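Comments concern the structure below.
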Amino acid sequence: MNMFVFILRRLFQTIPVMIGVTLAVFLMMHLIPGDAAKIMAGENANPDQIEQMRENLGLNDPLHIQYLRFVTNAVQGDLGNSIRTSRPVTEEIFSSRFAITVQLALIGTAAAVLLGLVAGIISATRKYSAADVGIMLVALLGLSLPNFWLGIMLIYLFSVNLGWLPVAGWGTWEHMILPAITLGTGGAAIIARMTRSSMLEVLNQDFIRTAYAKGVSDKVVIYKHALRNALIPVVTVVGLQFGGLLGGAVITETVFAINGLGRLIIDSIRAHDFPMVQGTILVCAVLFVLVNFLVDITYRLINKRIDLN
Amino acid sequence: MAKTVKILEVKGLRTSFFTDEGEVKAVDGVDFSLERGKTIGIVGESGSGKSITSLSILRLIEESTGRIVGGEIMFKGENLLQKSKKQMMAIRGNNISMIFQEPMTSLNPTLTCGEQIAESIRIHQKANRKEAWVKAVDMLRHVGIPSPEKRAKQYPFELSGGMRQRVMIAIALACNPELLIADEPTTALDVTIQAQILELIKKLQEEMGTSLMIITHDLGVVAEMCDKVAVMYCGKVVEYADVKTIFTNPKHPYTVGLLNSVPKHDQDYEGDLAVIPGAVPSPFNLPQGCRFAPRCPHARGICREELPELLDSADGDQVRCWIYSEKWEKQEEEVR
Ligand SMILES: Nc1ncnc2c1ncn2[C@@H]1O[C@H](COP(=O)(O)OP(=O)(O)OP(=O)(O)O)[C@@H](O)[C@H]1O
Ligand code: SF4
Ligand SMILES: [Mg+2]
């Protein structure tokens, strides 16, 4: 009942965010140095040809007209053509790269959630034990390791030295393990710490004592009564992690030579492929907004106590 | 004389917390007993160890930082302290149930009221999900909640404090326990609601034949509900007696002090309420002898040196005070 209103309202709230995102992407492309028309016209183009190209691209129109055109086209799924390949930007993004990056982010998130939750619960239920101290130390380490360094170390150990896993690429599950760990470690560390503190807080609450007084077993107290409540703040972190992983994917894809959106952005920037960069960033931003929207709804679903205001 | 069956007999119970500052002897020698179907009241100032005593009986202390370090808790002739964890789980919520002081925080916010009642039924009785739910709704009706079908599907935050305490009672009584422990069940509620909840507990107790242990600050509640009273001070029972004896012929100076601090109907109590002078000593700095000595108007030399034993009187009452021992007369009376 209220849920429907909540979703509508939340959907409504994404509109100004979307306008902001498109505006930011649009302005970024127009304010950075470099002349798109010059690049698109080619190395040997004369001023007339460049001017012609500028006219074709609509770069002579006032900015707000250009912006409106960009948005109208984008809504219809037209993000222009790539300068490098001349193929439509959307085609470049959605043929395989989008799926690969989303897959990578999902697997990374799954790794983060799985590792983080298990570690956090073990830590919380064995407070101050050797296991707890060990886990929290590793988590601290995991938080401070840069992705590229961790990725390279993992490749060095498991692929080069031990030869258990492929060095780079994408396709089979063996390809996914190291990137997932690389990408998921930071998140796992955050989720582990979050789960631990949240669990400890919940385990001290009165209703836990009520559950024990009913004859509920330790396991059920922890996994049903405590975890349910402890997860509420964790869900938000997981959602933000997933968004953050899209960014982390850029580095991870580069280290593991995976042809996803991250690498596409890097390659396109190198090639001064303006429409491609613009389109890819926009798609990533929209994805991020969408994920946050879903997180909010999930959060609301598991915590029915949150008021609409 | 037919020997009455004791449902609960607590003997020399001691429960401590081990903190960084040292051992807190929260319960340090508690003795009392309860006959089947009867009600005992535990009274005493804040911090005297009433809650820890009740949590010790269900062995819920083990889920926190405390430990039961001595004594016996005989329930129907069996020592609960010798039960395994599994056996205790089967007893909790089934043979012995508990209601807590804080209805606002004692229910799980993420489960519906019905689910929380049904959980207890599913643990202790062979009932499937549906049967347990039907029974849970029945229990809600039983504790006087209007439109129980609807309420069962609601979350605790949708209910008032009084309603939540009714839900707590429904959970506690769902499996028809032999002993119900109520730890200040009405302290957090409005005065009018307090009376209703006490009424409800009393009515259900009579219907179901439950034995009741009620913890309270309120001597009015004691007079209303109890058969026996145990007065606690600094982790010890200082007097255990019939409710009538407590009100008409209290023995322990602390009990007398408590009674004098209660406003009486026939007394003009504008400001001249006798309050026990002094404060409860810190658990880290307890007096060497009788713990009440620093505040006791009758204290003599022996009181400050030796802890008084629990003395039995002929009618089964007990008191922990030197006045009632043979040694007392040999003591010099002190001028105050
Ligand atoms: N977790 C704990 N750690 C250390 N000391 C504790 C802990 N819980 C209780 N205590 C101590 O145990 C003593 C008895 O506490 P208890 O809660 O039984 O008092 P009470 O008689 O129920 O008081 P109230 O009327 O305020 O509920 C107190 O002095 C308190 O300081
Ligand atoms: S033992 Fe002494 S100090 Fe303690 S209550 Fe009795 S008279 Fe008072
Ligand atoms: Mg208490």
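Numbers restart at 1 for each chain; the letters A, B, ... are given by sequence-line order, proteins then strands. Predicted, not measured: the structure shown is a model, and the values here were computed from it.
The residues B:Glu131 and B:Lys126 are annotated as not salt-bridged, no charged nitrogen and carboxylate oxygen being separated by less than 4.0 angstrom.
Between the side chain of A:Arg193 and the backbone N or O of A:Gly116 there is no donor-acceptor pair closer than 3.5 Å.
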Please determine whether side-chain hydrogen bond (donor to acceptor under 3.5 Å, both in side chains) holds for the pair B:Gln116 and A:Lys214, giving the CA-CA distance in whole Å, both sets of side-chain angles, and the decisive distance to 0.1 Å.
CA-CA 9 Å; B:Gln116 301 192 48; A:Lys214 287 200 280 187; 4.9 Å; no
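Between atom OG1 of residue B:Thr186 and atom CG of residue B:Leu200 there is a gap of 12.0 Å, rounded to the nearest 0.5 Å. Separation of atoms CD (B:Glu102) and CE (B:Met168) is listed at 11.0 Å; rounding is to 0.5 Å.
Aromatic ring pairs are classed by plane angle as parallel below 30°, tilted from 30° to 60° and perpendicular above 60°; the pair A:Phe98 and A:Phe94 is tilted.
Annotation: maximal heavy-atom pairing with chain A below 4.5 Å, among B:Asn94, B:Ile181, B:Leu111, B:Ile171, occurs at B:Leu111. For chain A, the option among B:Thr105, B:Ile99, B:Asn108, B:Ile96 with the highest count of heavy-atom pairs below 4.5 Å is B:Asn108.
Of all residues in residues 194-209 of chain A, those placing a non-hydrogen atom less than 4.5 angstrom from a non-hydrogen atom of chain B are A:Asp206, A:Phe207, A:Arg209.
For CZ of B:Arg164, the number of neighbouring non-hydrogen atoms (other residues, nucleotides, ligands) closer than 6.0 Å is greater than 12.
Only the backbone of B:Leu107 has a heavy atom closer than 4.5 Å to any heavy atom of chain A.
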